[in-house]
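Each remark here refers to the structure printed beneath this line.
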Amino acid sequence: MNSLRIAIGGARGVIGESLTPDVIVNYSHAFGTYVEGGRVLISRDTRPSGQMVHHCVLAGLLAAGCEVVDLGVCPTPALQLAVRTSDAVGGIAITAGHNPTEWNALKPIRADGIFLNSAQAGELLDIYHQRDFRKATWDALKPYSHDVVAGLQHLDAIAAELDTDLIRSRNLLVAVDCVNGACSEYAPGLLERIGCRVVAMNTETDQPFPHQPEPAAENLSQLRALVQATGADAGFAFDADGDRLGVVCEDGSAPGEEMTICLATEMILSRGDPGPVVVNLCTTQAVEDIAAAHGDREVIRTGIGQAYVSEQALNSRACVAGEGSGGCLFPRINYANDSLATMGHILQLVAGRTSLREVVASLPRYAMTKAALPCRTHNAFSALERLREEGEPAWADPAQTELADGIKYRNRDRWVYVRVSATEPLIRVIAEAPTQGESEWLVREFLSAIRRLI
Amino acid sequence: MPTVRTLKTGVSGIRGVVGESFTPQLLVGFAQAFGTYLDGGTVVVGRDTRPSGEMARNALIGGLLATGCDVLDLGIAPVPTIQHTVRRVGASGGIAITASHNPQEWNALKFIHRDGVMLRPYQAEELLAVYYQANYTLVGSGRLGKLESDPGAARKHLDEILDLVGPDKELIAKRRFRVVVDCCNGAAAGLTQPFLRSLGCEVIAINNSRDRGFPRPPEPVPQHLGQLEAAVREHGADIGFAQDADADRLAIVTEAGVALGEDFALVFACDATDPSEPGPFVTTLSTSRMIDEIGERQGRQVLRTPVGEINVVEAMRRHNAALGGEGSGGVIWPRLQLCRDSFAGMALILRGLARRGGTVTEWKDSFRPGAVVRARVDCSAAEAQSVMMALREAYSGEQVDLTEGLRVVWPDGSWLHVRPSNTEAIIRVVAEADDESAAQALRDQALEAIAAHRGR
């Protein structure tokens, strides 16, 4: 199977297989053409292919006449903040996020620090495919330079939004697992800055990922053991580039990725920030419950992808936004999923309550079930269309049906969501309900319906 | 206006114009082809000071790492330093990013074999075959090459020259030469001044910056060396040296502030060759007869090859030459390495000047008087073939040598060489005779014969 995916989210592939130097040079040359020269910021995570990709990106951008500023190994949200707060015309993050080490990707960022939306990414792809690139003559080539402070400025911006006196007063002991990724230096740095004691593991950026860099519950065993062994008040797991965060409570329990956005929402609504909450279509409905508990606050749902969430958060002046995968966005800091900012806000929430376990226990929780059905892309959309034509199931409330990006049926306490994967030849089915048995039943029902329709 | 095609892909490397044909796609392709061709190991990469060098450097590093080659990045470095480093570290090969004496808008890649010599034509054909097939070896993320730098590479190269000069360093230092050097803001900037100081010279360096752009056309021919001539006069220097952008070629200005013809760097270096270094001289068919004069004096054979560094180098290797090079200012000292090296040239010439005493002008006047003149005629490679046939006919009554193009030698020692260029769509004409007007007459006669054939 060809692993290359050149789509809205950028260019992604397996090193040595599909994300070749030619693809990288062409894609970055296309991006340099798209931004018409100008200053472009780049960063990378710590995967071993980062250096090779970095040099190919530099070649493409420089050839287009861009001035390139290299932030080096740096969290993606720090790059996005630097693009947003400088006169740069865009950025490229070299990271495959939570994907395994053999993957890498280029993620294009526009001048306001948000990933390209679908219309903008479409224009970039047209340039990429047409190959009519901007070619700077020798006297129009720009230099390239390094910025070693962007990561620290990002920490400054986060700390400035937190009640550090409150956090410091609790003298919290915090365990972090940085997966040897881009937050290896910055997560302990932020914790020290806001007055926490730190016990950190996997902070060697020149070492391989010690486990899959996705902060999902199944990858948290090391961190859970560390929390229990040290008696830490909380544990946090980072992904390779610092957009997603996993949480471990002081008793070593891991409440799951969906809890991250719930904690962030609880924190921001407790503080009384104005504006709606923005989450994507497959984020837990606990967010609605939390918003309701804070005086019927509005929740806006978007399509799947950080670009949709960020842009909606910007346009609707949201107070907090995010995804069930552990990525949360705080508009007072940045329009990027930001694991460091998320950690800071969760610690402030904990500092104002008894403990993380107590906060987690106070929030509503549902059982979520996820499944994927292999399906060739050209059949998948037809199958979904036929499913749509069959109409709502009996239990669903037609007023809450969402057909914009996939199919989502809902009622008061359960939902099912079916969509075609943007990155793999799969149809994904996700359901959430009060109990595990109910959510599994919903997924089974829809899987068999889709099998029948393919 | 007809389309001007600037890309030149051939056995002497690839060359193009930045913003037109010298693209990152081309570069990353050749980097992967070279990495695939070498099948791993270390590749030494360096560049001259052209602004496009940074773009090219990144494309090469990216492509090479992807094929699993480690890269030793020298940054801005003279070509002879890159070649020296390839051998010193036991690398699989090297790539020099330089268009040498070509103007700023050009850039090029030169590929270096593991023995420090430019790829021979058959090796370059192999590399081109890999490039055209584009079936590159790409390794997985765990086996990608490592990138390292070596900021001390030039010093190690120049230190070896100083070691080889050995006790003669004292001899040179005793003369306390005052030297002006024009580095052309090229790869030698910042290196030549301390190097010559180590030889006990007082050194004034001009155009000694790496980031200001070329102050003159980088080809070190007399008409480009006015600034150096003036500086030599102003400082009352004993000699002036001019280097090109990548420091392989060398030119001389006398103590009177007169730029000598481009053959003189090699002529002086041959004349300064130590009797303890046996073997013939090797040079091209287009180089001055003064080399033969020195060969007679020193009792050495002089071998002549077709023009092109690799031709000279191959003959030098086969015949264990004492010294060799090209009349365009490329001095090759095989005790150091088999490549053109302006630093080695300077050391040999200063040694010669120290040993013989006197001035550079007196040294120049010690040779039989003569003048070399050159010309070029625009002509496609295809048409050049019929032009050469016609010329052979026209000169059939003379003593001719058909090794490369046509070389005619007359009994008074004057000669004419006409040949199609390897790298450009031109025919080159060179003539040498006892004085300027006689040489011009030989040249003009050839130009007329060419024009007469093409006019038919």
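Just so we're clear, the structure is a prediction, and the values are computed from it rather than from any experiment.
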**OP:** Taking the six-membered ring for Trp and the single ring otherwise, decide whether the centroids of A/His146 and A/Tyr144 are under 6.0 Å apart.
**Re:** yes

**OP:** Please flag which part of A/Ala136 lies under 4.5 Å from any non-hydrogen atom of chain B: side chain, backbone, both or neither.
**Re:**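 For A/Ala136, backbone heavy atoms alone lie under 4.5 Å from chain B.
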
Chain A heavy atoms under 4.5 Å from [X]: which part of the residue, side chain, backbone, both or neither?
{"X": "B/Val139", "result": "backbone"}
{"X": "B/Leu147", "result": "both"}
{"X": "B/Thr23", "result": "side chain"}
{"X": "B/Glu105", "result": "both"}

Output yes when [X] and [Y] qualify as a salt bridge under the 4.0 Å nitrogen-oxygen rule, no when they do not.
{"X": "B/Arg47", "Y": "B/Asp73", "result": "no"}
{"X": "A/Arg44", "Y": "A/Asp241", "result": "no"}
{"X": "A/Arg134", "Y": "A/Glu36", "result": "no"}

Original post:
If you tally heavy-atom pairs under 4.5 Å against chain B, which of A/Gly65, A/Pro48, A/Ala64, A/Pro208 wins?
Top reply: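 Winner by heavy-atom pair count: A/Pro48.
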
**OP:** Pick whichever of A/Thr137, A/Val25, A/Leu141, A/Asn104 has the most heavy-atom pairs under 4.5 Å with chain B.
**Re:**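 If we count pairs closer than 4.5 Å to chain B, A/Val25 comes out on top.
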
Original post:
Can you tell which of B/Arg57, B/Arg50, B/Gln25, B/Glu54 has the highest number of heavy-atom pairs within less than 4.5 Å of chain A?
Top reply: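 Heavy-atom pairs under 4.5 Å are most numerous for B/Gln25.
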
Original post:
Any side-chain heavy-atom pair from A/Phe31 and A/Leu61 closer than 4.5 angstrom?
Top reply: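 Of all side-chain heavy-atom pairs linking A/Leu61 with A/Phe31, at least one is under 4.5 Å.
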
Original post:
Can you tell me if A/Gln212 and A/Asn99 form a side-chain donor-acceptor pair at under 3.5 Å?
Top reply: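 No pair is found: no donor N or O on one side chain lies under 3.5 Å from an acceptor on the other.
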
